[in-house]
Amino acid sequence: MLQNARVLRSEFVPTELQHRDTEQTALTEALEPLTDGDRADPIILTGPTGVGKTTLARFTLERLEEAALGLQTAVVNCWQNHSPYRTLFRILDELGRTVDVHRQSTPQDVLLERLREFDDDCVIVLDEADQLEDKSIIYDLRRMPQFTLVLIANREQDLFAGLDSRLRSRLQGTQTVRFEPYGVDELTAILEARADAAFGHPEAVSTSLLQEIADAAAGDARVAITMLREAAKTADRDDRNQLTRADVDAAIPEGRQTVRDETVESLKPTQRTLYEIVEAYVDEHGEPMPPSALYDAYEEAADDPVGNRQVRRHLNKLEHYELIAIRGSSRDRRYALPDTDASQ
DNA sequence: CTTCCACAGGAATAACAGGCAC
DNA sequence: GTGCCTGTTATTCCTGTGGAAG
């Protein structure tokens with residue numbers, strides 16, 4: 001039944017965006033000067049996950065590249081490239097300027113120098129910019145006149161946290177486009193469009209089933225599309241050309257799990273061990289985990305355990321990735337799972 | 001009130017791995 | 001190969017915090 005599975009990938013950029021008109025207009029207008037060869041001011045996109053921030057940025061850049069000849073773009077995910085070095089490397093990579101830059105043995109200063117020498121107009125999108133380990137590279141990039149910055153973050157305050165005060169005051173004046181979670185109807189419409197493109201025939205899935213998925217996804221399009229993909233995979237495997245309620249009901253928890261697994265996959269072994277320990281403890285006891293129990297369990301589980309301090313560093317990373325939640329200070333510190341509450 | 005304890009997290013430093021020049 | 005860069009991860013040492021025990 002799957003005619004075009006590609007459109008069910010969450011990173012797929014559709015040819016038409018739905019329910020993001022005001023955001024789209026705002027971003028397009030902010031980048032307008034580039035079509036005349038001028039530099040545009042930085043712009044910030046904020047909102048929870050799965051509301052189309054990244055998709056809109058990519059979508060808009062594609063249009064812009066058609067309108068402004070010679071304009072270059074670089075989209076970098078700072079979650080996956082959180083060290084300053086990696087981020088700079090990725091930007092150069094996106095711009096095709098890594099030819100004579102050798103991984104690992106080229107100092108960060110040289111990467112910055114390469115960027116400084118770059119002489120075409122260019123839009124740099126820092127996706128998940130709040131995850132940057134060292135945000136001073138935002139400052140460095142901003143000072144280079146050929147670059148226009150688009151900063152994407154879940155919450156504006158996370159982006160500003162850890163920013164140099166000079167830069168903060170400058171960025172505070174910049175335009176922010178805020179994305180709200182999709183409503184059930186909006187999400188259903190998005191799913192409908194994807195379903196039509198993915199399955200050659202319109203009766204493959206009923207609107208009410210899509211509505212059910214949209215409702216379960218709580219405004220997160222990435223989760224919703226993943227759920228639809230899981231359901232489609234099941235039907236495809238059984239060689240059916242229609243999605244059943246059973247497919248959908250099974251896909252709802254699966255889709256959620258898949259999204260989480262994708263994150264856990266990218267963790268380093270130590271981090272994954274720690275995450276699994278916290279997850280297992282909370283599952284079993286139904287309450288957050290106290291530090292001593294966590295350290296003991298970790299030393300038990302790891303074959304070559306890392307030191308106390310390093311464990312804490314990894315736990316902070318996990319919190320950053322929103323895989324665990326850290327509550328309380330000093331004595332009553334507890335490690336929990338983040339509340340999957342989408343009402344923010 | 002002082003002391004102790006469990007814990008957090010900063011700073012300096014070391015160990016390591018990839019890549020380059022020789 | 002050796003030596004020398006680099007970024008990354010881990011260790012060691014340290015100071016600070018806040019509740020509990022004395």
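What you see below is based on every heavy atom in this structure, not just the backbone, and it leaves out hydrogens, waters and symmetry mates. Not measured: the values here are computed from a predicted model. In what follows, every chain begins at residue 1, and chains take the letters A, B, ... in the order their sequences are listed.
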From B:dG9, C:dA10, C:dT8, pick the nucleotide closest to the side chain of A:Thr270?
C:dA10
Separation of atom CD in A:Glu319 from atom P in B:dC7, rounded to whole Å:
18 Å
Worked verdict on A:Thr60 versus A:Gln24 for side chain to side chain donor-acceptor pair (under 3.5 Å)
CA-CA 7 Å; A:Thr60 308; A:Gln24 190 184 332; 5.8 Å; no
Nearest-nucleotide pick for A:Val306, side chain only, options being C:dT11, C:dT9, B:dC7
C:dT11
What nucleotide among C:dG18, C:dG7, C:dT11 has an atom nearest to a side-chain atom of A:Gln310?
C:dT11
Among the nucleotides B:dA8, C:dG18, C:dT12, whichever has the atom closest to the side chain of A:Arg313 is C:dT12
May I have the distance from A:Tyr85 (atom OH) to C:dT9 (atom P), rounded to whole angstrom?
14 Å
Do A:Arg20's NZ or CZ and the ring of A:Tyr182 fall within the cation-pi criteria of under 6.0 Å and 45°?
yes
Under 4.0 Å between any heavy atoms, over every strand shown, what does A:Asn308 touch: base, sugar-phosphate, or nothing? Just pick one.
nothing
On the side chain of A:Arg331, is there an atom forming a donor-acceptor pair with the base of B:dC5 - under 3.5 Å, no angle test?
yes
Measure from NZ or CZ of A:Arg114 to the centre of the six-membered ring of A:Phe118 and say whether it is under 6.0 Å with the direction within 45° of the ring axis.
no
Minimum-distance nucleotide (side-chain atoms of A:His314 versus C:dA10, B:dA8, B:dC5):
C:dA10
Against the side chain of A:Ser83, the closest entry in B:dG9, C:dT8, C:dG18 is C:dT8
From the list C:dT11, C:dG7, C:dG18, which nucleotide is the closest neighbour of the side chain of A:Gln108?
C:dG7
Picking from C:dT9, C:dG18, B:dC7, which would you name as closest to the side chain of A:Arg333?
B:dC7
Rounding to a whole Å, what distance do you find between A:Arg309:CZ and B:dA15:C1'?
18 Å
More than 12 heavy atoms of other residues, nucleotides or ligands under 6.0 Å from CZ of A:Arg9: yes or no?
no
